[in-house]
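Here the structure is a predicted model, which means the values were calculated and not measured.
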Amino acid sequence: MNLPGSLRTKIAPALLTVTALVALTACGASGASGADRAGKGPGGGSTVTVRIPDPGNSGVLALGKKDGSLDKALSEVGAQVRWTGSAGPFAPAAQAMNADQLDIATGSITSGITSLAQRPGFKFFTAVAPDAAGEGILVRNGSGIGSVADLVGRKVAVNQGGTGEYLLLKALAKAGIPADKVTRVYLRPDQTAAVFNAGKVDAWAVWATYAVAEIGSGKAHFVADGAAIGSDNYSLNAVRTDFAEQHPKVVKALYRYLHEASAKEKRNPAAYLNVFTDAGPTAVTGKAKAVQTEFTAKGGTVEPIGAQDTKRFKDVAAFYAEQKVTKAEVDVAAHLLDIGKLA
């Protein structure tokens, strides 16, 4: 999911926004709760430790980690970051929060809804508007697929219950095509590129984190992007419920940092790419760098969750229930935090 300016790891924005599986083994059951404290904070008080997935090589958190600006912002409210595991899909991150192994994570509203359908121990506290340019239905150049209607009778790779499945179902619904006219191939996003490029699926419903490299290669393009699909796929930041209740000032300080940093990233996307290295598998290079820069510049910033956002979340939840992705409509509103009301 990019989403620019979010917690998601970016090879794109989404790379919180800017999502490799959360390394739960790396998170581990440390024996310390989210209220874990180490050292002394301002005035000699205890320092609250915030466990966040390592941000990788791009995005606002990567730069905040490198230049120390995030720890500086959090130190003002007596907190510090412990980087743990690695940023990735939201479902395992949600499980890690539920198991008290993680305090903050980023994901899409779509993957958030399927996680909320379980027994959630987290709430969402920020929103980034849907990525109109960086997500969509990806096809190989020369595939003969020129529209969503051309997907009938074909195989499309999606991540089950997340952004990919949502984008495909939403695109088909908008085109008036029954969902069963297209074969959904459920794959983990970090395993899909090889399958897609080998021609074993005809298309890939995907977001910027993975789309940037494919589009940057010059061998693929969106047959329909988020704008054409009418996507309501917000990027959200989540916080472990107990942590938010115990440390509201820390959550509010983290929001302020992400809001300000995401606005800076939108104005100067290149400064947030290849933060630690400009070579190797985590680097964005060549045409992909230009693609990512363009997506980020067009993307949203981290904002409080407002009434209009909540309505659109409800629409996604209703759509998921209608499409039988979830057994019933999930009450997203019950799992939202109003940043303005935190102490």
Side-chain angles (χ1 to χ4, degrees), residues 1-8 13-14 16-19 60 90 94 104-117 120 122-136 161-163 165-167 169-171 173-174 207-208 224-239 241 244 248 251-252 254-263 265-267 295-323 325-326 328-342:
M1 277 240 215
N2 142 95
L3 304 189
S6 66
L7 287 169
R8 157 179 73 208
L16 308 177
T17 99
V18 209
T19 156
V60 298
F90 185 70
I104 302 291
T106 299
S108 64
I109 182 59
T110 48
S111 58
I113 285 170
T114 51
S115 294
L116 287 174
F122 61 87
K123 292 189 176 182
F124 294 111
F125 68 102
T126 75
V128 179
D131 188 0
E135 64 180 15
T163 292
E165 188 162 29
Y166 169 77
L167 291 172
L169 292 173
K170 187 76 172 176
K174 186 172 183 181
W207 60 101
D225 61 14
I229 292 170
S231 172
D232 278 328
N233 188 38
Y234 281 76
S235 174
L236 307 176
N237 286 316
V239 58
T241 303
V251 178
K252 197 163 188 175
L254 181 58
Y255 159 73
R256 286 195 298 266
Y257 180 86
L258 293 172
H259 171 72
E260 293 168 6
S262 66
E265 182 189 32
K266 183 177 172 67
R267 292 193 296 269
F295 285 170
T296 304
K298 291 180 178 179
T301 55
V302 175
E303 302 294 340
I305 298 171
Q308 185 59 34
D309 304 320
T310 304
K311 180 181 181 302
R312 292 173 72 179
F313 299 167
K314 180 176 174 59
D315 290 343
V316 177
F319 180 74
Y320 258 24
E322 175 189 319
Q323 296 290 326
V325 176
T326 56
E329 183 176 333
V330 174
D331 182 8
V332 180
H335 303 281
L336 304 178
L337 285 181
D338 184 342
I339 283 293
K341 293 182 179 179
L342 294 183

Hey, what do you get for [atom1] ([X]) to [atom2] ([Y]), rounding to the nearest 0.5 Å?
X	Y	atom1	atom2	result
Lys123	Leu116	NZ	CG	11.0 Å
Tyr166	Gln323	OH	CD	10.5 Å
Ile109	Arg312	CD1	CZ	11.0 Å
Phe319	Leu169	CZ	CG	5.0 Å

So do [Y] and [X] actually touch side chain to side chain, heavy atoms under 4.5 Å?
X	Y	value
Val128	Leu236	no
Val302	Tyr257	no
Val330	Tyr320	no

For the student: nearest non-hydrogen atoms of [X] and [Y], plus distance:
X	Y	answer
Phe313	Ala127	CZ-CB, 4.3 Å
Lys298	Ala133	CD-CB, 4.0 Å
Val239	Ala244	CG1-CB, 3.8 Å
Leu167	Gly136	CD1-N, 3.8 Å
Lys252	Ile339	CE-O, 3.6 Å
Ala321	Ala328	CB-C, 3.7 Å

By side chain to side chain donor-acceptor pair (under 3.5 Å) - contacts of Lys311 (at least two apart)
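Partners of Lys311 under the side chain to side chain donor-acceptor pair (under 3.5 Å) test: none.
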Can you name the residues that form a side chain to side chain donor-acceptor pair (under 3.5 Å) with Asp309, not counting sequence neighbours?
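Asp309: side chain to side chain donor-acceptor pair (under 3.5 Å) contacts with Tyr234.
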For the pair Asn233 and Asp131, evaluate side chain to side chain contact (heavy atoms under 4.5 Å, CB included) and give the outcome as yes or no after the intermediate values.
CA-CA 7 Å; Asn233 188 38; Asp131 188 0; over 6 Å; no
Give the intermediate values and the outcome of side-chain hydrogen bond (donor to acceptor under 3.5 Å, both in side chains) for residues Glu303 and Thr301.
CA-CA 6 Å; Glu303 302 294 340; Thr301 55; 2.6 Å; yes
Tell me, with the steps shown, if Thr326 and Ile113 meet side chain to side chain contact (heavy atoms under 4.5 Å, CB included).
CA-CA 8 Å; Thr326 56; Ile113 285 170; 4.2 Å; yes
Distance-only polar pair, side chains of Glu135 and Ser231, donor-acceptor under 3.5 Å:
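Checked: Glu135/Ser231 side chains pair up, N/O donor to acceptor below 3.5 Å.
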Go through the side-chain N and O atoms of Thr114 and Ser111 and say whether any donor and acceptor fall under 3.5 Å apart.
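Looking only at side-chain atoms, Ser111 and Thr114 do not form any donor-acceptor pair under 3.5 Å.
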Assess whether side chain to side chain contact (heavy atoms under 4.5 Å, CB included) is satisfied between Thr310 and Ile305, documenting all intermediate values.
CA-CA 7 Å; Thr310 304; Ile305 298 171; 3.8 Å; yes
Count the heavy atoms of every other residue, nucleotide or ligand shown that sit under 6.0 Å from NZ of Lys266, and state whether that count exceeds 12.
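Result for NZ/Lys266: enclosed.
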When the aromatic ring centroids of Phe124 and Phe90 are compared, is their separation below 6.0 Å?
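Centroid separation for Phe124 and Phe90: below 6.0 Å.
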Under the rule for ring pair (Phe, Tyr, Trp, His ring centres under 6.0 Å), what residues qualify as partners of Tyr255, not counting sequence neighbours?
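Checked Tyr255 against ring pair (Phe, Tyr, Trp, His ring centres under 6.0 Å); matches are His259.
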Taking the side chain from Lys174 and the backbone from Ala228, do they hold a donor-acceptor pair closer than 3.5 Å?
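Flag set: sc Lys174 to bb Ala228 pair under 3.5 Å.
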Give the C-alpha distance, both sets of side-chain angles, the deciding distance and a yes or no for side chain to side chain contact (heavy atoms under 4.5 Å, CB included) between Val332 and Lys314.
CA-CA 7 Å; Val332 180; Lys314 180 176 174 59; over 6 Å; no
